[in-house]
Structures are given as C-alpha cells and as structure tokens.
Amino acid sequence: MNKLQNRRVLLGVTGGIAAYKAAELLRLCQSQGAEVRVVMTHGATEFVAPLTFQALSGSPVHTQLLDAEEEAAMGHINLARWADVIIVAPASASFISRAARGEASDLLSAIILATEKKVLIAPAMNRAMYEDKVTQKNLANLTERGMVMLGPDEGLQACGETGFGRMLEPGALLQDVVSVFQTGVLAGLNVLLNAGPTREAIDPVRYISNHSSGKMGFAMAQACAEAGAAVTLVAGPVQLVTPSGVERMDVTSAAEMSEAVMAKIEQVDIFIATAAVADYTPEHKAVEKIKKNDQKMQLNLVKTVDIVSTVSSTYPELFCVGFAAETNDVEMYGKAKLKNKSLDMLAANLVGVAEGGFNSDENALKIFWSGGEHQFEMTPKHSLAQQFVELMAEKYNEKHTT
Ligand code: C5P
C-alpha cells in the first residue's frame, strides 16, 4: 500500500551538488502516493534547472519570496500551511546557517520559520564545513527547535575528500519521510475499510439502498490515518470528503464493493467493515425501465456475498471488525454477529431512533469482542472513532502477541 497516500510533501532544495538526487527523492515520494511541491533556493537553481522539478512534480517550482505572481499563486505562508511535512534535501551549510538564525530573507527560510509541521533536514556539504563548530552549533540549534537532522552519511565526497557530509541516499530519506506519519497506535499497519450504503439496480433508473450516510466509516478511516496507518477506503455512494491521507475507491453495488475489498485484502492487517452492504440484490437487472401495469409487482431478490464473513473465514490471521446497525436488541444481535461472522470485534449501534445512527454526526457504540465489551456513550463520530481506534489497536496487539 502507498505509505504517503494523499500526503503533501514540500521538498526544499538548496545549493549543492546533491541537488540532482532531490529529483529522485521527489519521484520516490510520488511513488508512495504523495503530492510534492518544490521550493528551490537561488543556489539550487545553479545546479539543477527548476524545469526539472516542475516537470517531475507537475506543479510550478517556487523560488522567489518577493514575487507578486508567485505569492499570488501560493505565498510562503500558504505553502507552509499546505505541507504535511517539509524536507530540505540537500540542505547546504549556508541554508542551515540562515535557518538557525531564524532568517526569513529567502522563500525556503521564511517557510521554515512559518511552518508548524515537521521539518526534516538532510545536510550535504564538504566534510570540513560540516565539522566546523559553527555548523555544528547551527545544527544543534535546529534540532533543539524540533527539526530532525537526517544524516549526513560518511564517504567519498564530490570535492574528493572523505568524511561526513554526503547527503543520505534518496531511498533512506524516503523512509524518514514515511516515518513522520508512522507515530500513532496503528503505525506501520495497513487498514482497509468499507463505508456507506450500496445501490442494487432494479432497472436503469431504480435501485434498492438504505439510509447509511457513511459518516461513521469515514470518521473511522480518518482516525486510522491519524493513528499512523496506511488507509484504503472502499466507499459506496456517499457525499463525503475523503479524509486526509486516505486512498479512496468508489463503488456502487455490493458486488463491486466485494470485488474492490478482495482486490486489496492480501496487503491488509486490519479490515473494518462499516458499510451497510445490501443483503439482497435483484436477481435480474432489467435492461430497460420497467413499466407500471399491474396492481402488484414482484421482484425476485437473491442474497449478496457477505463480504466481512468471506474475509474473516478466508484470512483468519487478519484482524476483522464488523459493524451492526440494529433497531432493537442491540446486545443480543451484536454478540451473535461477532460469533457468526468470526469477527475479532463488533461495533453495534441503535438506528432508526431519534438520535445518533445513520445520518447523525454523533453516535453511541457498544463494542463486543471475545471475552469483553465496552460502551461508548453518545459522542461526535470523529472523537468516537478515535476512541474506538485506540481500543482496536489494543485488541489487535493482543491478537498478535498471543
Ligand atoms: O448481517 P449484518 O448485515 O447486520 O452485518 C453487518 C456487518 O456485516 C457489517 O460489518 C457489514 O459491513 C457486514 N456485511 C458484509 N456483507 C454483506 C452484509 C453485511 O460485509 N453482504
């Protein structure tokens, strides 16, 4: 799975021979799903033409602080806000010195000063410049301010000397960028979710569906991404914005949802089935609109594939979470579904009542697992999802340490 899916990486390139390697880093970040924008210092443009980075990133390269056109397109503050992470590679001695002094005299230094996001710095310079007390003091200053120094590596340098000062290889830098997002309770795990309703076509204009809004599933996807997981979300027809960092696949019918889930399942550690998948689908979909003639009409329905049961029985090692929307006897049905569907956890909620459930922004959930249960009281879905993810991570770890 893509470890930087939908992440926004701001790549700062400063003047050094290693600037050409930044192009490779850009490609590697993109290969993991990141959107990359590039800021170059004047020195960097002496080594590599901005056009190279523009062509690779598909976006204009930013080079000027006081340029009306560039500031109008995306100013330094907006660039600082846009990024999920900033990596300066290579970072020259001169840039490190400006950043340490808190200068805002060029675009990249100004962004570093303005950002509240994680900043990674990959120094690259001549061995003696790196070892110089001033540079070491500057690096210590940046570290103290929360920036992360990556390398440098030891080895033969472009100047012919050998020692510390080589920029880390792009592959190693990519791992450091990825690890910025791997800090929560689901760090390093791949999570697949499905969400929303499905639509089962009767004819070209009619379908059978349900009231699921997908909000709980989207909140779960967001909470999993925030907890450091690489998240893929298979969404039925819903009107919701894709959470940051989540890879989304849109589907319509139960059959399409099943196909999309099964296509991804082998790369997954946790499957969370929040979707309200139709249990039945019309046996035949009419090619043309069905005309109304008789007083009564009969529609033959056939059972759909039970996605979560198929997953749990085919991949028993995988951690499987189901959801159950019930109008009554939540506890009894919830426990039965946990067992019958061979799930690791089941979250049951009451729907069709005045508060909570399908279209609401709040929900209450009763969680069951083998040997335990927990009640989450009525809470906004996002914070409910965060709490549920904490509990889920605990149960996941228990399963994988026993
Ligand atoms: O049996 P019921 O539909 O109430 O069970 C709900 C759980 O089963 C949910 O996790 C839902 O996503 C899953 N399910 C499924 N495939 C179906 C029907 C339900 O994965 N065809």
Side-chain angles (χ1 to χ4, degrees), residues 191-201 207-221 223-224 231-238 240 249-265 268 270-283 301-316 318-353 357-358 363 365-370 373 376 381 384-385 388-389 391-392 395:
V191 176
L192 177 67
L193 302 97
N194 62 8
T198 63
R199 281 182 191 165
E200 309 305 314
Y207 57 79
I208 301 172
S209 191
N210 58 64
H211 291 299
S212 169
S213 65
K215 284 179 184 171
M216 192 64 226
F218 274 59
M220 286 297 291
C224 288
V231 180
T232 304
L233 174 62
V234 177
V238 292
L240 295 171
M249 298 160 78
D250 284 312
V251 296
T252 305
S253 65
E256 284 171 17
M257 188 171 271
S258 173
E259 198 179 315
V261 166
M262 296 320 281
K264 283 273 175 186
I265 202 73
V268 161
I270 298 176
F271 175 51
I272 308 175
T274 73
V277 188
D279 294 316
Y280 292 90
T281 190
E283 189 170 17
L301 302 176
V302 290
K303 252 195 166 164
T304 55
V305 172
D306 191 310
I307 303 170
V308 79
S309 297
T310 308
V311 168
S312 67
S313 57
T314 317
Y315 303 95
L318 205 148
F319 195 86
C320 247
V321 181
F323 272 68
E326 306 294 345
T327 55
N328 55 292
D329 298 313
V330 172
E331 178 128 1
M332 182 183 79
Y333 288 125
K335 281 183 175 165
K337 281 176 191 174
L338 176 76
K339 191 158 171 273
N340 298 342
K341 295 186 185 235
S342 305
L343 303 174
D344 294 288
M345 291 181 103
L346 182 117
N349 68 319
L350 203 57
V351 292
V353 290
F358 273 157
N363 206 4
L365 284 178
K366 180 115 194 198
I367 318 289
F368 301 100
W369 61 92
S370 159
E373 57 187 63
F376 288 115
K381 284 181 175 173
L384 178 63
F388 186 11
V389 164
L391 180 63
M392 186 183 77
K395 298 294 155 207

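Nothing here was measured: the structure is a model prediction, and the numbers come from that model. We count ligands from 1, going down the list as the structure has it; atoms in each ligand are counted the same way.
For Asp329, the side chain to side chain contact (heavy atoms under 4.5 Å, CB included) test picks out Met332, Tyr333, with sequence neighbours left out. Checked against side-chain hydrogen bond (donor to acceptor under 3.5 Å, both in side chains), Asp306 has the following partners two or more places apart in sequence or in another chain: Ser309, Lys341. Applying the side chain to side chain contact (heavy atoms under 4.5 Å, CB included) test to Met249 and every residue at least two apart in sequence or in another chain returns Thr232, Val234, Ala260, Lys264.
The side-chain heavy atoms of Phe376 and Ile367, taken from C-beta on, include a pair separated by under 4.5 Å.
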Check ligand 1 against the protein and report each N/O to N/O distance under 3.5 Å, formatted as atom name, atom name, distance.
from, atom 1, to, atom 2, distance (Å)
ligand 1, 1 (O), Lys341, NZ, 3.0
ligand 1, 4 (O), Lys337, NZ, 2.4
ligand 1, 5 (O), Lys341, NZ, 3.0
ligand 1, 8 (O), Lys341, NZ, 3.0
ligand 1, 10 (O), Ala273, O, 2.7
ligand 1, 10 (O), Phe323, N, 2.9
ligand 1, 10 (O), Phe323, O, 3.2
ligand 1, 12 (O), Ala273, O, 3.4
ligand 1, 12 (O), Ala275, O, 2.7
ligand 1, 16 (N), Ile307, N, 2.9
ligand 1, 20 (O), Ile307, N, 3.2
ligand 1, 20 (O), Val308, N, 2.8
ligand 1, 21 (N), Thr304, OG1, 3.2
ligand 1, 21 (N), Val305, O, 2.9

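Heavy-atom neighbours of Glu259 CD from other residues, nucleotides or ligands within 6.0 Å: at or below the threshold of 12.
Proximity of a side-chain donor or acceptor of Asn363 to a complementary backbone N or O of Lys381 within less than 3.5 Å is not detected.
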